[in-house]
Amino acid sequence: MVTTLGSGESGGSVYIMDTSGAIYFPAVSLNADGRLERVASFDRTVWTADCNSDGTQVVLGTNNGAALLNLETGALSWLHRCKSDILSQQFVHSGNVVLCGLRNGSIVPIDVRQRHSSLSSSLTSPITTGTTVPMLSARHNARGRNQSDKAKSSRVISMSSAVCSLVALSSDEHYFLGSSMDGLIKLFDLRLIRKGAIQSYVGHVNSHTHLPLVVDPSETLLMSGGEDCTVHIWSIKTGEQIFAHSVPDGLFTALCWPESGLGLNGFSSLFDLNHSWGAWMGSRDGLFYMHGT
């Protein structure tokens, strides 16, 4: 799934990319081989999005709140309306709850199984190229919305700055990681919201950049790159920093742990056969691979 932010009078869009075969990136950038298919376009800014594990639902973070798009029916509904931009989102592993991180520092967990208000228009099919979907302004249905939003506010988690990344742990979906644009990274438990964070990770540097968090497949290690061009790895359980390495001019805005030891051709990857860990990192200068000993 690929989303565009939108600019000027045009809003953001959602695309689906076919990754079943080898990808020739110059062709994809121009969509010359037809791999990108537009699902829908909207009349407002789309800051972030996430897809559930079975690929049937997409949650969208906009400048007016969160919306849920059903890719099978084309139905579109509001999950949460707010005046603050939603900059980060993450489905928990079951797909029943989505975490929304706001510019004002709030993290709002929303149960997508609950009944939510439908938007004025819905898509007639999962793929409707050329269709722009209008989203009602926040003043519509205000009476019913106020009651539901008050109930949701009791579960809101607060960070000290804009929430730029959220990662839900699949091993126990009550736990999730959040980072804010002042450099704080914390671990939360949805069952203990009122107690605040249960673990913190020290050393990350950020002041205004949308930097990601990633966890390894075993969900024991947490990685992030900072504005100081330093890559950090921490133990998720203890919070101990176990690795830090500075990369000149290395502001990494994309990070990825390999999901297994298999390469694209199904054979063992040479990168991680003899290393304690390894991860891909992307910056404006290109794609890099960093590994342990």
Side-chain angles (χ1 to χ4, degrees), residues 1-7 10-80 85-101 110 112-113 116 118-135 165-168 170 210 212 214 253-260 262 264-266 280 282 287:
M1 183 183 65
V2 179
T3 59
T4 58
L5 181 66
S7 61
S10 63
S13 298
V14 179
Y15 296 82
I16 299 296
M17 176 183 285
D18 179 8
T19 59
S20 59
I23 298 175
Y24 178 57
F25 284 98
V28 170
S29 64
L30 300 174
N31 202 26
D33 59 356
R35 287 184 176 273
L36 281 175
E37 227 174 343
R38 187 168 64 177
V39 175
S41 296
F42 304 94
D43 61 352
R44 61 196 61 202
T45 301
V46 177
W47 287 105
T48 185
D50 192 30
C51 188
N52 65 355
S53 58
D54 60 10
T56 59
Q57 293 181 316
V58 171
V59 64
L60 305 163
T62 76
N63 56 318
N64 290 114
L68 185 70
L69 173 63
N70 189 311
L71 293 177
E72 296 179 327
T73 66
L76 192 66
S77 59
W78 276 116
L79 294 178
H80 180 68
D85 298 329
I86 296 182
L87 302 180
S88 54
Q89 288 178 318
Q90 174 83 81
F91 272 106
V92 301
H93 184 66
S94 66
N96 296 330
V97 174
V98 62
L99 304 168
C100 296
I110 303 169
V112 300
R113 297 168 296 181
H116 301 282
S118 298
L119 298 183
S120 59
S121 297
S122 63
L123 305 180
T124 56
S125 66
I127 304 299
T128 56
T129 302
T131 300
T132 298
V133 181
M135 294 183 173
S165 185
L166 293 167
V167 177
S170 60
H210 208 145
V214 292
T253 54
L255 300 168
C256 178
W257 290 94
E259 293 187 2
S260 70
L262 297 181
L264 294 176
N265 57 4
W280 293 99
L287 184 64

Handout entry: Set of residues satisfying side chain to side chain donor-acceptor pair (under 3.5 Å) with respect to Asn63, sequence neighbours excluded
Key = none
Completion exercise
For Ala67 and Leu76 the tightest heavy-atom approach is CB-CD1, 4.4 Å
Fill in the blank from the handout: By side chain to side chain contact (heavy atoms under 4.5 Å, CB included), Val14 pairs with (sequence neighbours left out) Met1, Thr3, Val39, Phe42, Leu60
Practice task
List for me each residue that meets side chain to side chain donor-acceptor pair (under 3.5 Å) alongside Thr4, sequence neighbours excluded, and say none if there are none.
Solution key: none
Handout entry: Atom of Ile86, atom of Ala66 and distance for their closest heavy-atom approach
Key = CD1-N, 3.4 Å
Practice task
Check each of Asn52, Leu71, Leu69 against Gln57 using the side chain to side chain contact (heavy atoms under 4.5 Å, CB included) test, and report the only one that passes.
Solution key: Asn52
Exercise for the section: State which residues pass side chain to side chain donor-acceptor pair (under 3.5 Å) with Gln89; sequence neighbours excluded, sorted by chain then number. Expected result: none
Completion exercise
Heavy atoms of Phe91 and Val112 approach each other most closely as CE2-CG1, 4.2 Å
Practice task
Might you confirm whether atom NE2 of His210 has over 12 heavy atoms from other residues, nucleotides or ligands at distances under 6.0 Å?
Solution key: yes
Handout entry: Partners passing side chain to side chain contact (heavy atoms under 4.5 Å, CB included) against Ser53 (at least two apart in sequence or in another chain)
Key = none
Completion exercise
Residues at least two apart in sequence or cross-chain that pass side chain to side chain donor-acceptor pair (under 3.5 Å) with Thr253, listed by chain then number, are none
Fill in the blank from the handout: Residues Ser13 and Ser41: closest non-hydrogen pair is OG-OG, 2.8 Å
Problem - Residue list, salt bridge (charged side-chain N to carboxylate O under 4.0 Å, His left out) with Asp50, at least two apart or on another chain - result: none
Completion exercise
When every non-hydrogen atom of Ala168 is compared with those of Val92, the smallest separation belongs to CB-CA, 3.9 Å
Problem - Residues Leu255, Trp280; criterion side-chain contact (heavy atoms from CB on, under 4.5 Å); working and verdict - result: CA-CA 6 Å; Leu255 300 168; Trp280 293 99; over 6 Å; no
Practice task
Kindly compute the distance separating CD1 (Ile110) from CG (Asn96), expressed to the nearest 0.5 Å.
Solution key: 13.5 Å
Exercise for the section: State the CD1-CD distance between Ile16 and Glu37, to the nearest 0.5 angstrom. Expected result: 8.5 Å
Practice task
Could you tell me whether the side chains of Thr62 and Asn64 share a donor-acceptor contact shorter than 3.5 Å?
Solution key: no
Handout entry: Pairs where residues 85-97 contributes a residue and the test salt bridge (Lys or Arg N to Asp or Glu O under 4.0 Å) is met, not counting sequence neighbours
Key = Asp85-Arg103
Problem - Minimum heavy-atom distance between Ala49 and Val58, given as atom pair plus value - result: CB-CG1, 4.3 Å
